[in-house]
Structures are given as structure tokens and as C-alpha cells.
A.B. asks: 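First the structure, then my questions, so here it is.
Letters A, B, ... mirror the listed sequences (proteins, then strands); counts begin at 1. In what follows, every heavy atom counts, from backbone to side chain, and hydrogens, waters and symmetry copies are set aside.
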Amino acid sequence: MLDIKDVSYNPKKYEESIIEFWLSNNLFSPEYRKYPKNTRTFTIILPPPNANAPLHTGHVTGNTYQDIMGRYHRMLQDKVLLLPGKDHAGIQTEIVFEKELLKGSGRSKRDIGREEFVKQCLEFTLKNAKNATAQEQRIGLSADYSREKFSLDENITRQVQETFIAMFKEGLVYRGKRIINWCSKCQTALADIDTEYIEEDTKLYYIKYGDLVVATTRPETIMADTALAVNPKDKRYKHLIGKTILVKSIDGEKELPVIEDFAVDENFGTGILKVTPGHSKEDFEIGERHNLPRISIIDNYSKLTYGRYKGMKVKDAREAVVSDLEALGLIVKIEDIKHKIQICERSHTVIEPLLSYQWFMKTRGLAKEAILAIEKGDLHIHPQRQEKNYLRWLENIEDWCISRQLWWGQRIPVYYCGGKRTEIDENGDLKEIIGSGSTGSGSTGSRSNGCGEIIVSIDKPKKCPKCNNTNLVEEEDIFDTWFSSTQWPYTTLGGTESKDFKTFYPTNVLETGRDILFFWVARMVMMGLYRTSKVPFFDVYLHGLVLDKDGLKQSKSKGNGVSPMEMIDRFGTDSLRLSLVSGVAPDQDMKLYDEKVKGFRNFINKVYNSSRFIFLKMENLSEDDKKFIRENTGVYAAKTNIHITQEIQDLIRIVNRNIENFEFGLAAFNLQNFYHHTFCDSYLEDMKNPKNDNIESNAELVHTFYTLVKLMHPFIPFITEALFQTLKDKGLIKTEEISIMYEEFPKDQSQKTIIKNLKV
RNA sequence: GGGUUCGUAGCUCAGUUGGUUAGAGCGCAACAUCGACAUUGUUGAGGUCACAGGUUCAAAUCCUGUCGGACCCACCA
């Protein structure tokens with residue numbers, strides 16, 4: 001296998017053919033071997049990368065940890081499944097693709113049409129997904145690609161839709177009017193994670209409200225005010241709480257109640273907040289606590305719908321309102337302030353918090369169970385301190401908006417009898433009208449208009465079950481990507497009735513970046529508990545971010561991204577894997593740069609060269625001697641002058657313990673240290689002494705070496721596979737296996753002292 | 001505002017129930033070596049483990065506070 005004439009190791013020479021060898025022999029499949037019935041399984045559902053771009057170092061880091069666990073358990077003779085997949089990544093892909101497709105063409109996705117857009121987007125995505133898969137394989141990820149899933153696979157989509165239907169029937173999802181982040185350019189609701197904040201110079205207007213003065217940056221929403229609020233601790237306004245004040249303003253005369261709420265910052269402006277539940281997230285929540293009316297005056301295009309401002313863009317309306325207020329003498333003063341505004345991550349449009357009819361999921365009850373899972377010990381997060389973050393997020397969870405007004409994703413399986421539309425009436429009341437508008441009659445209404453029934457169904461029903469109307473209009477909205485990806489652990493296994501589900505679920509470990517603990521992990525627990533009554537995994541391992549040399553987060557805009565494939569080209573996969581893992585504490589960010597990978601490349605070369613020493617030493621042995629070594633490795637340890645049997649036992653015990661405790665960084669570090677300094681610098685050097693040149697010592701040497709190769713295999717799979725093949729070819733080890741992947745991982749035999757130098 | 005985390009050799013970082021002389025890699029200095037490896041070996045210099053208190057027989061490790069950096073959550077009317 002290894003061409004030991006080479007004085008240094010060239011990964012390029014071997015890695016590709018090793019991948020080919022693993023894949024063509026189906027070695028990554030849990031069916032590669034026939035296991036006895038009650039064999040322990042070890043399953044990781046791999047986090048699906050977004051299929052719209054090449055893998056970045058974060059993916060590669062995750063894949064390395066996942067693969068270490070997979071290979072370790074496979075060598076423990078567990079039945080191992082690492083299940084790969086790719087995610088369609090909703091809005092992210094839609095916008096990436098829109099940019100690609102429409103680059104310079106001047107057309108919008110609407111010009112192309114939904115059907116064509118989705119078709120082209122699918123082609124684009126599948127092409128990229130294929131590329132991503134090839135990259136995963138280059139990393140050595142021993143995932144079962146015969147089971148690979150894509151989040152828009154028919155079977156996956158169907159299960160996701162079934163979940164929605166089940167939840168609808170139980171009242172866990174509902175059509176509701178709540179405040180959401182709205183992007184007027186993308187024309188969709190957005191999750192907080194799809195938005196960001198930027199600082200902007202703006203003005204703070206002090207405006208008279210009767211005898212009071214209120215400071216606001218958004219005077220154009222005055223018409224939607226439904227209360228004034230003060231902090232209950234604020235002595236200045238204590239006497240006003242519970243009273244109603246008469247306000248004369250641009251919208252005529254109205255009465256506003258004064259309420260108390262802790263959300264009000266007494267140090268901002270005058271300490272009085274105008275409450276606009278229809279156009280501010282915070283105000284909406286205050287409104288919920290105090291039962292305030294919700295008035296909408298801005299539409300989906302960021303244009304006002306009110307009175308003489310109707311049709312004006314928000315910015316223009318602000319100017320108009322301010323000049324009208326000035327005319328009425330209601331402006332007290334205007335201050336320049338810096339202030340943060342929320343923008344759409346993709347289009348950089350200012351987010352408008354709007355009332356909107358959307359599909360929401362009730363989350364409180366599910367969150368409670370997800371909290372219990374931790375408390376009962378059904379779920380463990382590594383490192384443990386992250387459990388606090390997890391719990392706090394779940395304790396403060398709010399209903400989840402799961403609908404998006406996008407094209408790239410899974411359609412929400414709903415039909416409206418007679419269709420639906422929304423309008424804002426003259427009172428600022430946003431209404432959704434389903435059917436003819438005269439809802440709730442219950443009679444067999446007119447066929448043309450429909451009765452307004454909401455029908456949940458994957459396939460289009462022929463007629464309305466309530467009124468027999470045939471004019472059923474399909475919901476155009478799609479699911480938030482996370483609604484599907486949080487169901488990934490069981491959808492990928494083929495659903496709760498499948499054989500794979502019964503074999504591999506609940507899975508063992510979820511390994512992912514700590515940045516998606518909330519959006520993904522916590523919700524996966526909720527959805528898993530809902531759909532399967534089980535926590536989908538026992539352990540969660542979180543890794544940190546990969547930073548550039550200066551410790552900065554990699555980002556496209558900064559152009560400081562490190563390409564993992566380029567690193568592999570230059571230094572080899574094993575070196576990159578060690579760089580990402582060795583000596584890195586769980587959850588800790590790490591820097592990646594050339595010199596570091598180079599150092600590990602040197603180590604890999606050391607491994608190669610030490611093997612060269614051994615192979616050259618054994619080259620001239622007779623067949624009988626080789627047979628002796630093969631058959632008797634280890635047995636003669638006690639008779640040899642020189643051996644490191646005890647040290648090896650210690651190492652084995654510690655490495656096993658490290659891995660079991662999710663301390664992969666320590667395990668790799670210990671192995672590398674031991675190999676370099678104990679095995680090479682000390683033991684091998686001693687072996688050069690002619691008095692140690694006897695058959696027993698050689699047997700012991702090969703045995704020790706092979707033990708180390710096995711121990712290192714989960715971390716550096718390529719060179720260890722090559723070494724295994726070479727040992728086998730040269731007749732130095734006895735084995736039935738065709739790959740080191742299925743050899744037994746060394747287990748500790750003794751409980752003796754721990755040698756110095758190893759980190760426990 | 002709430003929370004988390006980090007501060008250890010010139011640099012990058014390990015150091016898991018507190019326990020001999022605090023470690024590795026890179027870098028640096030000297031030496032060695034063309035029969036495993038110059039992608040090497042040996043030896044060495046370099047640390048008041050951010051700072052100040054406290055607990056303890058014993059603290060890089062636990063507690064409190066201070067300073068400095070990073071991140072997360074909420075909010076930004």
C-alpha cells in the first residue's frame with residue numbers, strides 16, 4: 001500500500017484512492033457487516049449544510065468531530081450510522097440564487113414566475129449539494145451516502161406537512177394576527193436570525209400629547225397609538241397611571257389611557273412611551289399585557305394607509321407628519337441621536353414590524369417538555385454550562401411564526417374555501433377575509449365565493465367538506481426552513497414507522513456549532529418530543545467557531561474566509577483534521593492558519609517516517625519470523641529488554657476516557673504527544689540499540705505500533721488506513737478485516753498508574 | 001440591562017472532582033545528524049498562570065472584587 005521508498009508522506013498520493021476504497025466496499029454502511037440482533041447502535045444525524053455554497057471550515061470542523069465519534073464506535077463494534085443530508089436553506093438559497101440568476105439581467109424572480117424559479121433553483125441547489133457531498137467525502141466523513149437526504153425530498157416534505165396537519169388538529173398551530181418582522185423588499189415575514197441591526201443617525205422628536213411630552217423616532221405612527229405608558233417606578237408620572245388624557249393631534253382628538261409597564265425605560269426621552277401595538281414589537285407585547293387595541297396604518301409595501309398620508313412611503317410620511325405637527329405647534333424639540341435599526345440581512349431593507357396574518361406554532365407547552373428533558377437527565381449538553389443558555393431560551397419562548405412568503409421551500413398544506421385576502425379598513429383594523437367575506441354561516445354557501453373554511457390537506461381536496469364549494473385556493477406560503485430542519489432526526493430516518501427509525505432512533509449524539517443551539521437544537525428537542533415522544537438524541541456536543549489568524553470571525557464581506565479544500569490540497573486531510581481538533585476545548589473558538597496546519601502536517605509525516613523505520617527494519621525478516629510476529633505480537637513483551645507496555649495501557653485508558661467524555665481535543669493531543677515523544681523519541685530510539693534487535697522485541701514493536709495506529713484511526717483515518725494495509729500486505733499483522741475501520745479499538749486492560757505527560 | 005466566556009512562555013493554545021519541579025507546537029539560541037524523518041533530534045533560554053483579596057496543609061484551578069478582550073440574549077419607543 002504505502003510506497004516506503006518515499007522519504008516523506010504525500011497525502012495526495014493516497015487519500016483519493018482510500019476514499020474510493022472505503023466507498024466502493026460500502027464500508028460506511030451499517031449493513032456492511034451482519035451484526036448480532038442486540039448489537040448496540042450508534043447514530044448521528046449529521047447537520048445538513050446549506051446546499052447553496054461550498055463547505056466552510058465550520059462544516060469541516062463538525063464533520064471531523066462527527067467522524068471521530070463514528071469511527072470510534074464502529075471500532076468498538078457498534079452498529080454505526082452517520083446519516084448525511086443537505087438543506088434547501090429557504091430564504092438564504094432563494095436570495096443567493098436570485099442574485100446568481102438575475103445578475104445584470106434586470107429581471108426579478110416575479111418576472112420568471114414561481115414554477116420556473118423553483119425548477120431552476122432546484123437544479124442550482126442539487127448541483128451544489130453534489131459538490132458539498134464530494135467535499136464531505138474528502139474530509140473522510142464515514143457517512144452512509146446510500147441514505148443521503150435532501151430536505152425537499154418528497155418523503156421529507158410529506159412528513160413535515162403531516163406534522164403540521166397533526167399540530168393543526170390539536171390546535172398547536174393556528175392562523176393568527178401577530179406582530180412579525182416584515183421585509184417590504186423580499187415581501188416576507190422574517191425570523192430574527194434573518195435580520196441584523198445597524199447604527200444610524202436619526203432624529204428624536206419631542207411631541208406634545210395634551211399636557212405631556214413624548215419622545216419618539218417614529219412620529220408617523222402617531223395615528224396608531226393606543227396608549228401612553230410609563231414605568232411604575234417613575235415618580236414623575238405616578239399620578240397619571242390609570243387616567244385617560246385627551247390628545248389633540250394630527251389625527252384629531254382622541255383619548256389615550258396612561259398605563260404602567262416595566263418595559264418602559266424611564267431614562268429615555270421624557271420617560272413616557274407612546275404605545276403602538278400595531279407597529280412595534282415591544283409595544284405589541286405591552287398591548288397584550290394591557291389589552292390594548294391594535295391599529296395598522298402601514299401596509300406590506302411600507303406605505304401608509306391612513307388619511308392624507310395614504311400611499312406615502314414611511315420616510316416621506318415621517319416628514320409630512322412632522323411638518324403637520326409643527327404647523328399645529330406640537331413639536332417641542334428635535335434631537336439628533338444615533339440609534340440602531342433592524343434591517344433585512346439579505347436585502348438590507350429596513351424591517352417594518354407589522355401586524356400580519358401568519359401561521360404560528362404554540363410553543364409554551366412543547367418548550368416545557370424540552371426543559372423537562374434536561375431536568376430529568378434525558379438530554380445532556382456538552383459542555384454542560386450551555387444547558388443554562390438552552391433553558392433560558394426555552395423559558396422565554398414565544399409563539400413561532402412558521403410561514404414565509406417565499407417560493408423556495410415546502411408549501412404549507414392548507415386550502416382556503418373561497419381564497420383569502422387581507423385589508424386594512426378605515427379604522428386601521430387589519431383583517432383577513434377568507435371566502436366571500438360573510439363568514440361563519442355554516443350553510444352550503446355559494447359555490448363561487450366559498451364559506452371561508454380552512455382545510456388542511458396535503459393533496460388538494462375536490463370540494464370543501466363544509467359547503468361543497470369547489471373553489472379552493474391553495475396556501476401560497478411556505479414553511480420557515482427551521483420548521484423542516486427541526487424535524488430532521490426522524491424525517492431522515494424515513495418517518496416514525498420505518499425500519500430505520502426503529503433501529504436507530506433515538507439517535508446518540510447531535511454534534512453542531514454552538515451558534516444554533518436555540519434555533520435548531522432546542523426546537524429539535526421540542527419537535528422530537530411532539531412527534532416521537534422521545535428526545536431525538538442523548539448528547540449534544542457543541543463546537544466553537546473557526547476564526548482567522550487574527551481571531552476574527554470569518555465572513556464573506558471581510559474576505560478572510562479560510563478554504564478547507566485548499567488546506568486539504570496543500571497539507572492533506574489528516575493534518576487539517578488534527579488542526580481543527582487537537583488541543584481544542586469543547587465550545588471554544590479556535591484559530592486556523594497555515595503555520596498551524598503545517599505543524600500537524602509535520603506530525604503526520606513523522607508518523608509516516610516512523611512506520612518507514614519499522615517497515616525497513618522488518619523488510620529482511622524471513623517468512624518464519626514474520627509469522628512469529630503476526631502470531632505472537634505482545635506475548636513476549638515481558639521478555640524483551642525494552643517495551644512501553646504499561647505506558648500504552650495508560651494511554652489507551654485515557655484516550656478512551658477522553659472520547660467518552662467528549663474531550664476529543666484532549667484525546668487527539670494525548671495521542672499526538674505520546675506518539676511523538678514517547679513512541680518515537682524514546683522507544684524507537686532505544687530500539688536502534690543492536691542488543692534489542694531480536695525477534696521478541698520486533699514483535700513487541702510491531703504490536704505497539706499497530707495499537708497506536710488503531711488508536712489514532714478515528715482522528716487521522718487516511719494515513720492509518722494506509723498503514724494498516726501496509727502492515728497487512730507485509731504479513732506483519734493477522735486480521736480478517738479489509739479495513740482498519742472495523743478493527744477493534746484498543747481497550748484498557750489494567751488499572752495501573754497514570755504516566756506523567758498525559759492529560760486526563 | 002441580563003447571561004456566558006477568556007486573560008498561562010515572544011506567538012497560538014492545552015491544563016476536568018485543588019496535589020511533586022505549570023506543558024505542547026511555532027519562534028529563538030547552541031549543538032548533532034545524509035542508514036525512519038532537515039517536514040529531524042538533543043540541550044537550553046523564556047512564566048510573580050491579568051491584578052487584589054479570601055478559603056485551604058496545599059490554588060493556574062474554588063470564592064469575592066477590579067481591569068482588559070470576546071460572545072450570546074433582550075431592548076433600542
A.B. asks: How many whole angstroms separate atom CZ of A/Phe674 from atom P of B/A24?
C.D. replies: 16 Å

A.B. asks: As a test of reading the structure: which of B/A24, B/C75, B/C13 is closest to the side chain of A/His677, going by heavy atoms?
C.D. replies: B/A24

A.B. asks: Can you identify which nucleotide, out of B/A36, B/C73, B/C76, has its nearest atom closest to the A/Ser280 side chain?
C.D. replies: B/C76

A.B. asks: Where does the angle between the aromatic ring planes of A/Phe603 and A/Tyr675 fall among parallel (under 30°), tilted (30 to 60°) and perpendicular (over 60°)?
C.D. replies: perpendicular

A.B. asks: Please state how far atom CG in A/Asp6 lies from atom P in B/A36, giving the value in whole angstrom units.
C.D. replies: 16 Å

A.B. asks: I want to verify a distance call: between B/A14, B/C37, B/U12, whose nearest atom is closest to the A/Lys596 side chain?
C.D. replies: B/U12

A.B. asks: How far, in whole Å, is B/C49 from B/C11 if one measures between their P atoms?
C.D. replies: 16 Å

A.B. asks: Quote, to the nearest angstrom, the P distance that separates B/A59 from B/A22.
C.D. replies: 13 Å

A.B. asks: Looking at every non-hydrogen atom in both residues, tell me the closest pair between A/Ser249 and A/Ile222 and how far apart they are.
C.D. replies: OG-CG2, 4.1 Å

A.B. asks: Any donor-acceptor pair under 3.5 Å between the side chain of A/Glu285 and the base of B/A74?
C.D. replies: no

A.B. asks: Can you check the distance between B/A9 and B/A14, where both ends of the measurement are the C1' atom (answer in whole Å)?
C.D. replies: 13 Å

A.B. asks: Before giving the answer on side-chain contact (heavy atoms from CB on, under 4.5 Å), spell out for A/Met712 and A/Val607 the whole-Å C-alpha distance, their side-chain angles and the decisive distance to 0.1 Å.
C.D. replies: CA-CA 10 Å; A/Met712 294 191 297; A/Val607 173; 4.3 Å; yes

A.B. asks: Taking B/G44 as the reference, what is the distance to B/U61 when you measure between their P atoms (whole Å, please)?
C.D. replies: 28 Å

A.B. asks: What residues in residues 598-612 of chain A put a non-hydrogen atom under 4.0 Å from any atom of RNA chain B?
C.D. replies: A/Arg601, A/Asn602, A/Asn605, A/Lys606, A/Asn609, A/Ser610, A/Arg612

A.B. asks: Does any N or O donor sit under 3.5 Å from an N or O acceptor when you compare the side chain of A/Lys617 with the base of B/A36?
C.D. replies: no

A.B. asks: Taking only Lys NZ, Arg NE, NH1 and NH2, and the carboxylate oxygens of Asp or Glu, determine whether A/Lys688 and A/Glu685 approach each other closer than 4.0 Å.
C.D. replies: yes

A.B. asks: Of the options B/A36, B/C75, B/G2, whose atoms approach the side-chain atoms of A/Glu685 most closely?
C.D. replies: B/A36

A.B. asks: Starting at atom CG of A/Leu517, determine the distance to atom P of B/C73, rounded to an integer number of angstrom.
C.D. replies: 11 Å

A.B. asks: Look at the side chain of A/Lys688 and decide which nucleotide, out of B/C71, B/C13, B/C37, has an atom nearest to it.
C.D. replies: B/C37

A.B. asks: Would you indicate whether A/Asp211, at its atom CG, is surrounded by more than 12 heavy atoms from other residues, nucleotides or ligands within a distance under 6.0 Å?
C.D. replies: no

A.B. asks: Please tell me whether A/Asp225 and A/Tyr209 have a donor and an acceptor in their side chains that are separated by less than 3.5 angstrom.
C.D. replies: yes

A.B. asks: If you check every side-chain atom of A/Asp681, which of B/U42, B/U39, B/G2 has the closest atom?
C.D. replies: B/U42

A.B. asks: Output the single nucleotide from B/C72, B/C13, B/A14 whose closest atom is nearest the side chain of A/Phe518.
C.D. replies: B/C72

A.B. asks: How close do A/Thr707 and A/Ile652 get, counting heavy atoms only, and between which atoms?
C.D. replies: CG2-CD1, 3.9 Å

A.B. asks: Counting heavy atoms from C-beta on, name the nucleotide in B/U5, B/A36, B/A24 closest to the side chain of A/Asn673.
C.D. replies: B/A24

A.B. asks: Does a donor on one side chain sit under 3.5 Å from an acceptor on the other, for A/Tyr237 and A/Asn231?
C.D. replies: no

A.B. asks: Just to be sure I understand: a Watson-Crick pair is purine N1 to pyrimidine N3 plus N6-O4 or O6-N4, both under 3.5 Å. Using that and G-U wobbles, which stems of three or more pairs involve RNA chain B?
C.D. replies: B:1-7 with B:67-73, B:10-13 with B:23-26, B:28-32 with B:40-44, B:50-54 with B:62-66

A.B. asks: Counting heavy atoms from C-beta on, name the nucleotide in B/A14, B/C76, B/U12 closest to the side chain of A/Lys340.
C.D. replies: B/C76

A.B. asks: Honestly, is A/Lys596 close enough over A/Phe571, meaning NZ or CZ under 6.0 Å from the six-membered ring centre and within 45° of the axis?
C.D. replies: no

A.B. asks: Expressed in angstrom and rounded to an integer, what is the separation of A/Met687 atom CE from B/G35 atom C1'?
C.D. replies: 16 Å

A.B. asks: State, without any angle test, whether A/Gln672 and A/Ser582 hold a side-chain donor-acceptor pair at a distance under 3.5 Å.
C.D. replies: yes

A.B. asks: Write down the distance between CG (A/Leu2) and P (B/C37), rounded to a whole number of angstrom.
C.D. replies: 15 Å

A.B. asks: B/U39, B/U5, B/C71: which one has an atom nearest the side-chain heavy atoms of A/Arg385?
C.D. replies: B/U5

